[in-house]
Peer 1: 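Sending over a structure as structure tokens; questions will come in a sec.
No experiment lies behind these values; they were computed from the predicted model shown. Numbered from 1 within each chain, the chains take letters A, B, ... in sequence-line order.
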Protein chains: 4
Amino acid sequence: MPKTQEKHLFNRLSAEKQERIMHACIEEFARAGYINASTNKMAKAAGISKGSLFKYFSSKKELYVEVIDHILEDFFGYVQSKDHYLEEKDILERLKLVTKETYSFFRKKTSLFKVLMRVKTEGKMNVMEQLKERWEPKVAFFYGRFFSGVDFSNLALTQEEFIKLWNLIDYAIDSEVLSELNGEFSMDDLEAAYENRLGLIHRVLKNGIYKKEKK
Amino acid sequence: MPKTQEKHLFNRLSAEKQERIMHACIEEFARAGYINASTNKMAKAAGISKGSLFKYFSSKKELYVEVIDHILEDFFGYVQSKDHYLEEKDILERLKLVTKETYSFFRKKTSLFKVLMRVKTEGKMNVMEQLKERWEPKVAFFYGRFFSGVDFSNLALTQEEFIKLWNLIDYAIDSEVLSELNGEFSMDDLEAAYENRLGLIHRVLKNGIYKKEKK
Amino acid sequence: MPKTQEKHLFNRLSAEKQERIMHACIEEFARAGYINASTNKMAKAAGISKGSLFKYFSSKKELYVEVIDHILEDFFGYVQSKDHYLEEKDILERLKLVTKETYSFFRKKTSLFKVLMRVKTEGKMNVMEQLKERWEPKVAFFYGRFFSGVDFSNLALTQEEFIKLWNLIDYAIDSEVLSELNGEFSMDDLEAAYENRLGLIHRVLKNGIYKKEKK
Amino acid sequence: MPKTQEKHLFNRLSAEKQERIMHACIEEFARAGYINASTNKMAKAAGISKGSLFKYFSSKKELYVEVIDHILEDFFGYVQSKDHYLEEKDILERLKLVTKETYSFFRKKTSLFKVLMRVKTEGKMNVMEQLKERWEPKVAFFYGRFFSGVDFSNLALTQEEFIKLWNLIDYAIDSEVLSELNGEFSMDDLEAAYENRLGLIHRVLKNGIYKKEKK
DNA sequence: CATGAATGAGTTTTCATTCAT
DNA sequence: CATGAATGAAAACTCATTCAT
């Protein structure tokens, strides 16, 4: 008795087909957001029938969850593979390196980025509930890696507090950027908007998060 | 004799009815955001006909603008009336006082808060254009007040930078709170979520925004 | 006991007011046609309330009938006052003169003309039934005048046949002109379109389509 | 194997269903004209859902174009199949024959006739633009046939003038008939109304309105 | 298993008509 | 008598989801 029977129908498809479908769905969600995204267009773009799409994912909402999960899998996989930042011991410098990697990942995958930003916006829908279950362990693992080897002795914040702060910063920048950039934006626009804010934030963080130099 | 003749049809309704309609619309916009809000549901909830709703507001977009304007008017009016914070000269302490007033205003008006949070993220729609015209002068006036009498000589940030930072903080907290609290949330939840973050932020700001003491 | 009690409420209004209302209605019907004409706009343009408009005319349809009647009254009155054409004894020449007078009447009253043309188009509605009752006697009277003194001895058609032919010509030109000119048209456009066709028609009326046998 | 894959969804339906839908739409357009025709009523009458109707035809406008195209296809196909009139060399006699065939076609299809009459008068809408593209080549082909073998040497009109005249006659009769017959009319009524006018018209076309001068 | 035609409740908006004041 | 706020049926059109083939 194989225990794959509980698995999604979708997962039994060939990798190529899975990727094709995911790609089509991501593009559509990125283009239009959850509500306005058309499952019809997705099916057409993926070259499958509407019927099949709803066989693979029982509803639009579930599809959304899977799409986001797929993106996160992709992203965390990438970040994990780039761990040269671990050599940098200063936490702020390490943060800058990770941010840079994040850019370089999303630069070629703008659609993924758009979908993720939209998720935050469309928070309400209880989609989020289902997402968190999957999201959190991955995030926890990532944080574990990020902080490994960091010396907290000269920091005024605990690791937990630093994470909380980091989340806030992400949210802040994403949201503000999202409301500044109108719908259509290039990754260049995006990076410019980021740079605009990150300098200030880092300056504030620097003179705040470290213990006051004595004397 | 005021010349109300040119005023909106809506404004001629009894205060009770105006409030009933506004309330219904706010609840619906809070629940679903601009795009998904249903004018049908609003009319039904307000106990008026679809026809009447569109007599009062010529389109869904205009309705949205008026609703938000209504909320802001309400909010800024309240904040303005509470200006004891001006006595506090330290900017961070002053910020805390203002934030506290903000809480106490929105505590009883969770829906207003939700609508405003959504506005920020629905940037795209050209509704925003019309909103900005009305919004910005009010915001500018508010900032003018907030900074009056503040001594910048011991601050490492310009007023402009401070505003930018403040905006980021607002966005950060709003967004994170929004995605943390699922749809239905009490103002207690909200305040708890805020407190959770504000303490940390203020601590970081404190040791960062002031010039390093020499010696 | 005055017998005005059966009369329309409308007819008891001052001549000035009647004219003001009629004018507003005509302009609106001319602008938009029966279906799309807005009774709201009429009332507003006439400076009366919607309620009053529907007191004066029990429905939009009845209003339409009255408006058309008003126009025809106006037109037939004018044509009657210009009877110099009676001096011309040749029927075709007389017809040309009358056509010319028709132009000169409508040139200053394009809206009246538009309404009349539209009536023909929107034939179906049983508005027509009610109209005919009023229309026909006036038309009969007009025809009586038109033919007075005409020598039928050299005509191959009876008076009745000539009238039938005349009607056909009017319909033909109006309809074709209407479908050629797109909604918005000046009286110049209109006259040009007419001239374009009338020459041919007169030639055929005069001689038929075959060449005259020589000799 | 014809490559029908690019064809309309509508064309893939069973002939019976296509006919049922077309019939319902034609009846509705005939009843109410383009603007007032209700797509809801059409769907209901055809026994299909609103959704399906808009799957088959992407908009009301497109539906209208297709309906008219359908009628014209039908009509021109019929006329083409009946070309015995080509044996008649006199143009007026040939015209009579064609007119007779036209009757016999529309006798059983009154609604088709009504729709076509309405099209002519609803000139304004830019629907017409799309229609002309399809209509004109068919009409041109038909005229080409009609005049083939006709001797113009004894005609006082050019072919172009004759066509213009013919159009006028069509418009005249259609319009007058339309306004005479109120909404509901049988094809018998129609033919009677036609006969009533055509005899006169042909007489005038032949000789003009004046008696022939004695030689 | 895959398909895609069919569905119908839903959307925003309009406007002739009524009726309480 | 005059008013004009209120009504609600109707319009064209969309789209996630189902189910017979």
Peer 1: A:F57: what forms a ring pair (Phe, Tyr, Trp, His ring centres under 6.0 Å) with it, not counting sequence neighbours?
Peer 2: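 Residues passing ring pair (Phe, Tyr, Trp, His ring centres under 6.0 Å) with A:F57: A:F10.
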
Peer 1: Provide, to the nearest angstrom, the distance between the CZ atom belonging to D:R12 and the P atom belonging to E:dA6.
Peer 2: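 Spelled out: CZ on D:R12 to P on E:dA6 is 11 Å.
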
Peer 1: Once you round it to whole Å, what is the distance between P of E:dT3 and CG of D:L9?
Peer 2: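 Rounded to the whole Å, the gap is 16 Å.
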
Peer 1: By ring pair (Phe, Tyr, Trp, His ring centres under 6.0 Å), which residues pair with D:Y56, not counting sequence neighbours?
Peer 2: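 Ring pair (Phe, Tyr, Trp, His ring centres under 6.0 Å) check on D:Y56 returns nothing, list empty.
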
Peer 1: Atom CZ of A:F57 to atom P of F:dA16: distance rounded to whole Å?
Peer 2: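 My rounded result for the distance is 15 Å.
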
Peer 1: Closer than 4.0 angstrom, basic N to acidic O: yes or no for B:R31 and B:E27?
Peer 2: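 Between B:E27 and B:R31 there is no salt bridge, as every charged N stays at least 4.0 Å from the carboxylate O atoms.
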
Peer 1: Calculate the interatomic distance between A:L53 atom CG and E:dA2 atom C1'; express it in whole Å.
Peer 2: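 Interatomic distance, CG of A:L53 to C1' of E:dA2: 13 Å.
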
Peer 1: Measure the distance from CD on D:E28 to C1' on F:dA11 and round it to the nearest whole Å.
Peer 2: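 After rounding, the reported distance stands at 12 Å.
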
Peer 1: Using the side chain to side chain donor-acceptor pair (under 3.5 Å) rule, pick out the option among C:Q18, C:E16, C:H23 that qualifies with C:R20.
Peer 2: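 For C:R20, the side chain to side chain donor-acceptor pair (under 3.5 Å) test succeeds with only one of C:Q18, C:E16, C:H23, which is C:E16.
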
Peer 1: Pairs counted as Watson-Crick or G-U wobble with both distances under 3.5 Å: what dot-bracket string results for DNA chain F, using | for bases tied to another strand?
Peer 2: .||||||||||||||||||||

Peer 1: Whole angstroms only, please: what is the NZ-P distance between C:K44 and F:dT3?
Peer 2: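 The answer, rounded to whole Å, is 14 Å.
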
Peer 1: Determine, for nucleotides 15-21 of chain E in 5'-to-3' order, which nucleotides have protein heavy atoms under 4.0 Å from the base (write B), from only the sugar-phosphate (write S), or from neither (write -).
Peer 2: BBBB---

Peer 1: With a 4.5 Å heavy-atom cut-off, do C:L116 and C:L72 have their side chains touching?
Peer 2: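 C:L116 vs C:L72: side chains touch.
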
Peer 1: Within a strict 4.5 Å, meaning less than it, do heavy atoms of the B:I68 and B:F29 side chains meet?
Peer 2: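 B:I68 vs B:F29: side chains apart.
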
Peer 1: Can you tell me how far P of E:dT14 sits from CD of B:E62, to the nearest Å?
Peer 2: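 It works out to 12 Å between those atoms.
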
Peer 1: Can you sort out the partners of D:R134 under side-chain hydrogen bond (donor to acceptor under 3.5 Å, both in side chains), two or more places apart, ordered by chain and number?
Peer 2: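 side-chain hydrogen bond (donor to acceptor under 3.5 Å, both in side chains) list for D:R134, sorted by chain: D:E66, D:D69.
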
Peer 1: Working to the nearest 0.5 Å, report the span between CG of B:L13 and CD of B:E19.
Peer 2: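 Going from CG on B:L13 over to CD on B:E19, the span is 12.0 Å.
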
Peer 1: Could you check how far NZ of A:K17 sits from C1' of E:dC1, rounded to whole Å?
Peer 2: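 The distance from NZ of A:K17 to C1' of E:dC1 comes to 10 Å, rounded to the nearest Å.
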
Peer 1: Ignoring backbone atoms, test whether A:Y56 places a side-chain nitrogen or oxygen under 4.0 Å from the OP1 or OP2 oxygen of E:dC1.
Peer 2: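 For A:Y56, the contact criterion (side-chain N or O under 4.0 Å from OP1 or OP2 of E:dC1) is not met.
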
Peer 1: With sequence neighbours left out, what residues match C:S59 under side-chain hydrogen bond (donor to acceptor under 3.5 Å, both in side chains)?
Peer 2: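 side-chain hydrogen bond (donor to acceptor under 3.5 Å, both in side chains) check on C:S59 returns nothing, list empty.
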
